[in-house]
Structures are given as C-alpha cells and as structure tokens.
There are 2 protein chains.
Amino acid sequence: MPTTPPSTVRLAVSTVIFALRADRAGGPPALWTPLVRRTREPQLGHWALPGGWLPPNEELETAAARTLRSTTGLAPSYLEQLYTFGGVDRSPGERVVSVVYWALLPNDEAARATIGPNVRWVPADTLPELAFDHADIIAYALWRLRTKVEYSEIAHALLGRTFTLAELREVYEAVLRRQLDPANFRRTMLASGGLQETGEHRAGTPHRPPKLYRYAPAATAPGAREPFRPTERTAS
Amino acid sequence: MPTTPPSTVRLAVSTVIFALRADRAGGPPALWTPLVRRTREPQLGHWALPGGWLPPNEELETAAARTLRSTTGLAPSYLEQLYTFGGVDRSPGERVVSVVYWALLPNDEAARATIGPNVRWVPADTLPELAFDHADIIAYALWRLRTKVEYSEIAHALLGRTFTLAELREVYEAVLRRQLDPANFRRTMLASGGLQETGEHRAGTPHRPPKLYRYAPAATAPGAREPFRPTERTAS
DNA sequence: GCAAAAGTGTTATCTCTACACCCATGG
DNA sequence: CCATGGGTGTAGAGATAACACTTTTGC
C-alpha cells in the first residue's frame, strides 16, 4: 500500500518507567511499568508509553522527566537515554522520531503513584497490546536494565534512601529473575565499596534486625570504568 | 545573553567513523577518523562530523550510511546508533537534535578512502578544534568503541575478510592502547568460538607463515548475552 | 528454647595472567 | 643454523560459587 511520503519529521520524547511492586503482600516484588491511554488519533484508546512532542526550548532529559512526573506524579531516582527510534513506518501517515529515555522509581514512592482511568500499571514482562512499536521499546529497555544491573550499581535506585542487604538482594532477584546466594551477595556488595552503613537497623522484623545501608559511590579509582555520560550542554 | 527561542526543532543525522591507519609504514596502527569542512553557516569553515538533515522518508541508519559513503566512498563493516544529542544551545540560533551513529571501516578499504580539500583524516585521540559539540561526541564514540571491544566481537570489523591472530591482536592493542600477551590472546579468541580457520596461510612473512581466520559468529548458546539490537521497522 | 533470617568461615573450582618453552619458516 | 614470530604448556594469583556454621532477635 503506497502512502504519500510525509513532508516533515516530528520529534517526540517518550519514557519507559520501571518500579518494583509486590503481586501480593509479602510476596516477592516484580518489575512494573505505567502506561497511558492515548487520547488522540492515531491509535486512540490504545495503551502507550508516556511522552509527547519536544518543545523547541526544552532539554531532552527535562522533557522526559516532565512526562514522567505528569504520569506518575513522582521524580525518578535514575534517568538515562535509551535509544532513538525513527523507523519510517512507525506512525501511520507521519514521520515521527522518538528519543526514548528509561527511568527507575524508588520503591517507597512508587506505592503512591498517580492512578486514574488513563494510567495503568502492568507487569513489565507480560505486556498488553500496545500502540505503535512501544512493546519493542519496553522489551529493549528491560534488556538494558537487566544487563546494566550486572555491571553497574543502579539497583539501589529502585529502593528508598536506606535499605537492608536483603532488600537490595530482592531487587537484583526481581530484575535478574533468579535466586542469589545471600552470603556471597553480601560480600560482593560490601567489597564493591559502594555501600555505607547508616548505623541504624531495620526495626519490626520477627528476627535479628538487619543493618541499614545507604548508597555512597566509591571514590573513583584511577583507571576505573566510569559510565561516561555524554556531556549535554544545559541551557544558560 | 538572552536569545529568542527557536520555534521549531530540526533533526540531523551524523556519523563518527573509525578506521585503522599506520603512522609510518610498518609501525603500529592507530585509530583515525574523517572530518568534513563546513560549507555553510553557522561555523563555516570549521571541521565537523559528516552528516546532514534527515530526509522525511529515509531511515536513520540509511541516512548515516549515506553520509558515510559520500564522505569516504566506502561502506561500513559495522554501524550502530551511538546517542542522540539535543542540548538547547548546541547550535546558535536554532534547535538541532542530532542522532549520531558510529561506524567501523575495514582496514584494506580504508586505505583508498576519498580525499579532498574538504575531507581530512585525523588521529581519533588528538583532535583539532571542532564545530559545535562534535569533539565531545567523538570522545564519547571512542569510549564506546573501547568499552565495547572488551566484551563484544567487533574488532574484526576493522580488518578485512580474513586476518591472522597477530593482526587481530594489533587491532585490540590499537583500540585499547596497551600490549596484550600473544599466547593468552590466541587462546581467548579461539575459545570464544567466533573464529574459523580458512585453511590458508598469510604468505610473504620472513618467518613461520601464520594461519588465516575469518569471523564466524558462534551458534548462539542458550542464555548467551546477545547484543539485542532494537528492532527497527524498515520501510515497506 | 525455637524458628528464622543476619552474618561469617571455608573450600573446591574456574578464570586470568605471566612467562617458559618448542615449532616452522626465510634468509 | 640463526633470528623471528607462530604456537603450546603450565603454575600461581585471584575471583566465583556452594554450603556449613554461628549470631541475634521475636515470640
């Protein structure tokens, strides 16, 4: 079916948001993501990633954070550019290039996220049918999260400011979908130097109270592999 | 200095290109990259990354390959999206969002790349002053190449179709800027399963003729970490 | 005291690295 | 037969994984 080629390119910014949620109280947490219902054509009524057109005077990352806030009412603990999707046939009738970001929300805050008829949280690995290529995009973001957790210290972004080692391990287990040895996990984490004892303990447990830690990135060792975030020039 | 905000966003595609070149004949190769001289304002006359505006009916990756071909006259052996740079103040007076790709050229072909008054090859780690934020972009692309070489098998893309293990090691050494143990390198490479003997030997050496290999990706083992290239829908 | 999770110790195994050594070829 | 890089063997250091064991709390 030959369509008349679009005359312009429109630029959108979308965000894939991840947070941990327990299916049932006390059960192991899993990754969930919020979707919004489209209120315009094309694909009116379909579920889609939060996003919108890029205002000419707004930074890309700021636009991503804004759509995130308007969707969930929360600020992300982690936000990074994922990929730019620009296939000619992504959207019928017009050429849309989407710069997609991905974000992590802290656990305690995510519980009181905005809910409404046009926002819906779904498990990240069993998605409903989505608009455009958004299912592919979420799958890619999930892959990025899962691979990045293995070599980077981002898991803490899914927790609150302080957490126990067992809670941190639960995050890893939810993301990686496999059990980890508590003893070895503890040693690996402490050896990384990225954790700092708060001196406090989690109260209210039916057993020995665990220590609380906070994330405190180690002083960058010479020659260490820093993530190298591209330097974006912010508006003056 | 307050400037009047631009009313539209323009979308460009640029490409960082890497190839190996020996400084002197027989010497160890190093990474070089081609630049083009700008023939329009802004930044007229400055050296910049090859690129251009995105035509509404052209795929992003196709646009990157096209600018690469028009700059060097060659086809890339590797091409991947790097990052999208969209800072509000990247370009004076207008809002330009650049989807940047990075590419590798095979060694034998790179030798006969196009040269002209408006194309100039420079060593990738000692750049001249560049237009816009292009120096930052190349630095980021270099970082990506150097980190990706450590966990992925892309080094062969800087060589021809067949190569010796010593030649492959030279690529790694040029990219990583450090010497590698030939014995251990050999074993690691052969164990990866990505190399296949051709049965031929490199002739004309003043000593024992080395075996020639070709790149032949191993059958994907179950649970192996595939690179997961995002699925772009190609034009029908 | 008993259950349960926090936290520690120990050992087998695998991987990485350095380097000694033999092999094959041109001159 | 000699120089040179191709190619193999191997032992020590360090990281990883499995699991036994001790500690500390609530009930």
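In the text below, chain A, chain B and the rest are named by the order of the sequence lines, each starting its count at 1.
Two rings, from A/Y213 and A/F163, have their centers 6.0 Å or more apart. Checked against a 6.0 Å centroid threshold, the rings of A/W102 and A/Y140 do not count as neighbours.
Boundaries of the chain A contact region on DNA chain D are D/dA17 to D/dG26, first to last in 5' to 3' order (nucleotide atom under 4.0 Å from a heavy atom).
The closest donor-acceptor contact from the side chain of B/S98 to the backbone of B/V13 lies at 3.5 Å or more, if one exists at all. Panel note: side chain A/S77, backbone A/L104; a donor-acceptor pair is recorded below 3.5 Å.
Here the straight-line distance linking atom CZ of B/F18 with atom CG of B/L105 works out to 10.5 Å at 0.5 Å rounding.
Residues in residues 64-79 of chain A take part in these salt bridge (charged side-chain N to carboxylate O under 4.0 Å, His left out) pairs, two or more places apart or across chains: A/E58-A/R66. Listed by first and then second residue, the side-chain hydrogen bond (donor to acceptor under 3.5 Å, both in side chains) pairs involving residues 172-183 of chain A are A/R169-A/E173 (not counting sequence neighbours).
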Requested in this report: Evaluate side chain to side chain contact (heavy atoms under 4.5 Å, CB included) for B/V36 paired with B/T67, printing each intermediate quantity in order.
Outcome: CA-CA 11 Å; B/V36 297; B/T67 63; over 6 Å; no

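For the segment residues 197-209 of chain A, residues with any heavy atom less than 4.0 angstrom from an atom of DNA chain C are, sorted by number, A/H207, A/R208. Applying a 4.0 Å cut-off to non-hydrogen atoms, the residues of residues 160-188 of chain A that approach DNA chain D are A/D181, A/A183, A/N184, A/R187, listed by residue number.
For A/E200, there are no salt bridge (charged side-chain N to carboxylate O under 4.0 Å, His left out) partners at least two apart in sequence or on another chain.
Checked for salt-bridge contact, A/E80 and A/R144 meet the test: a charged N lies under 4.0 Å from a carboxylate O.
Atom pair A/L195:CG and C/dA6:P shows a separation of 15 Å (rounding to whole Å applied).
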